[in-house]
**Q** 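Take a look at this one; I'll ask things after.
As the structure is a prediction and not an experimental result, all values here were calculated from the model.
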Protein chains: 2
Amino acid sequence: MNVEWHNIIDNQMSVFSVLNTDEKEQLKRNSTCTQYKKNDIIYKEGDKPSGLICLSKGKVKIFKEGVGGREQIVRMAKPVGFIGYRAIFAEQNYLASAEAIEDCVICTIEKEALFKILKTNSDLAFSIIRSLAFELGLSNNRTVTLTQKHIRGRLAESLVFLKETYGLEEDDSTIKVYLSREDIANLSNMTTSNAIRTLSTFASEKIIALDGRKIKIQDLKGLERISELG
Amino acid sequence: MNVEWHNIIDNQMSVFSVLNTDEKEQLKRNSTCTQYKKNDIIYKEGDKPSGLICLSKGKVKIFKEGVGGREQIVRMAKPVGFIGYRAIFAEQNYLASAEAIEDCVICTIEKEALFKILKTNSDLAFSIIRSLAFELGLSNNRTVTLTQKHIRGRLAESLVFLKETYGLEEDDSTIKVYLSREDIANLSNMTTSNAIRTLSTFASEKIIALDGRKIKIQDLKGLERISELG
DNA sequence: ACATTTGTATGTTTTTTAACATATTTTTAT
DNA sequence: ATAAAAATATGTTAAAAAACATACAAATGT
């Protein structure tokens, strides 16, 4: 627990870096950590959030079910980051579901303890306001991208997005996340068939190289060009 | 100026209702009001926000330019409400443009004055956090709707959305906003031709009645059914 | 009052993408 | 180890929506 906690709270990148020792101690006393296996559901659309979920280890997809149960991924989370923070701050139930795409460790901070500190620490409030506003910008961008770009543009953008979110392996070309073709399709608003087909086309054009779920980016500039043109 | 100000600050619906008299006075001293004519641009994608813009009178569309300059409306603002608050709180430039679709009166609160009060008033901070989180939920919903529903479903949803946002005229059926077919198309992610065509179809099915830009909803239940089915 | 532009309407064609079908490979469970 | 299930791959067909073309009406400027 302590090591996970250190990861979340004391991390330089964390919004909690603005808290003092006492405040951190308070949050810690009101938190619990849990482990999830790959493919485990962390929460489902419609559930009531009990606290702020922090991802300490592993990767998580956040998705909504649309027309006919068709899944749209709206966010890909990485450590250290929050999951489901929109619902807790909007004081609503979850509007999306979260599923572990790798084994994960998450810590949940109780809502009351968090809100109490939020009430007195304006730096934390500013941090959260900035995060939500930033995320809203991303969401509006995604709306335009997914509705206006063609299949190749959407897939190219998703690959660039995955590279920027999770980074590259030591070889400096393999995207550091291993998604099913179906997940790639659900991220890019297309059918699984079309994701497979278009990935194959990119591979035949030497823009990427495929090896199972491993995706190597061979021509980043080319990929970005396809993404921009739509 | 005073009447506009009253409209924005003292309104029950306003997030500023949590402020005390002194705080309201502070904001007022650091605000300016301007008038805009129909079709005037209030700000453009890429501009730097100078303050928090409050819409006191009139209606405004917020839109992004996508592939090939194609416009996607991401929000429709009404009085009393904010415009461009995402950018100011994310501390970014605008990611969308705002245009008056009617003659408008707007008041701009200087960023420094607003942030100063935000620093000391945690209720205001909570209000803003809740608003941003709520809006993020709407944005994610829209992403799924616009990508997954078919033309009829998207248009039906837009009409219901416009009715819920702006309400109905005294006749209890005419939507209280007068948009061009092009704007309706840009709200619903379709071409102008398809918006015109599908509106005509709805009219021939007696779901709506058209008279110029006036849209009467004749069968709300039917419209909602089409929207839900996609 | 007239010409010009802008908005509305509708038919036809073409492109894009989903749906469907069917193998083949890989993973998982027993 | 082997059967069953899931994931991947690719070809074909069908449906949806965009693009294009053209006509007409309404608003606007001179």
**Q** Taking the six-membered ring of Y94(B), is the NZ or CZ of K44(B) close enough (under 6.0 Å from the centre) and on axis enough (within 45°)?
**A**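 Verdict for Y94(B): no cation-pi partner in K44(B).
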**Q** In whole angstroms, how far is the P atom of dT16(C) from the CZ atom of R152(A)?
**A** 11 Å
**Q** If the condition is side chain to side chain donor-acceptor pair (under 3.5 Å), which residues does R86(B) pass it with, not counting sequence neighbours?
**A** Q92(B)
**Q** Whole angstrom is fine here: how far is it from NZ in K149(A) over to C1' in dT16(C)?
**A** 17 Å
**Q** Grab the CD-C1' distance between E71(A) and dA18(C) for me, whole Å please.
**A** 18 Å
**Q** Could you walk me through whether F89(A) and F82(A) satisfy the ring pair (Phe, Tyr, Trp, His ring centres under 6.0 Å) test, starting with their C-alpha distance in whole Å, then the side-chain angles of each, then the deciding distance to 0.1 Å, before giving a yes or no?
**A** CA-CA 12 Å; F89(A) 291 125; F82(A) 297 133; 7.6 Å; no
**Q** Going by the side chain to side chain donor-acceptor pair (under 3.5 Å) test, which pairs reach into residues 201-215 of chain A, not counting sequence neighbours?
**A**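 Counting only pairs at least two positions apart or across chains, the side chain to side chain donor-acceptor pair (under 3.5 Å) contacts touching residues 201-215 of chain A are R152(A)-E205(A).
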**Q** Nucleotide by nucleotide, 5' to 3', does protein get under 4.0 Å of the base (B), only the sugar-phosphate (S), or neither (-) in nucleotides 6-16 of chain D, counting heavy atoms?
**A** -SSBBBB---S
**Q** Measure NZ/K214(B) against P/dA26(D) and give the value in whole Å, please.
**A**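 Roughly 15 Å, once rounded to whole Å.
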**Q** Could you verify whether a donor N or O on one side chain and an acceptor N or O on the other, from T192(A) and E182(A), lie under 3.5 Å apart?
**A** no
**Q** Just how far, in rounded Å, is P of dG7(C) from CD1 of I184(B)?
**A**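 The answer, rounded to whole Å, is 13 Å.
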**Q** Within the 4.0 Å heavy-atom criterion, would you say R154(A) contacts the bases, only the backbone, or no part of the nucleic acid?
**A**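 Sugar-phosphate, no base atom in range.
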**Q** With a distance cut-off below 6.0 Å to the six-membered ring centre and an angular limit of 45° from the axis, does K59(B) pair with Y166(B) as a cation-pi contact?
**A** yes
**Q** If I take atom CD1 in residue I215(B) and atom C1' in nucleotide dT8(C), what distance separates them, rounded to the nearest angstrom?
**A** 13 Å
**Q** Could you state the atom-to-atom distance from CG of L155(A) to C1' of dT16(C) in whole Å?
**A**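 Distance, rounded to whole Å: 16 Å.
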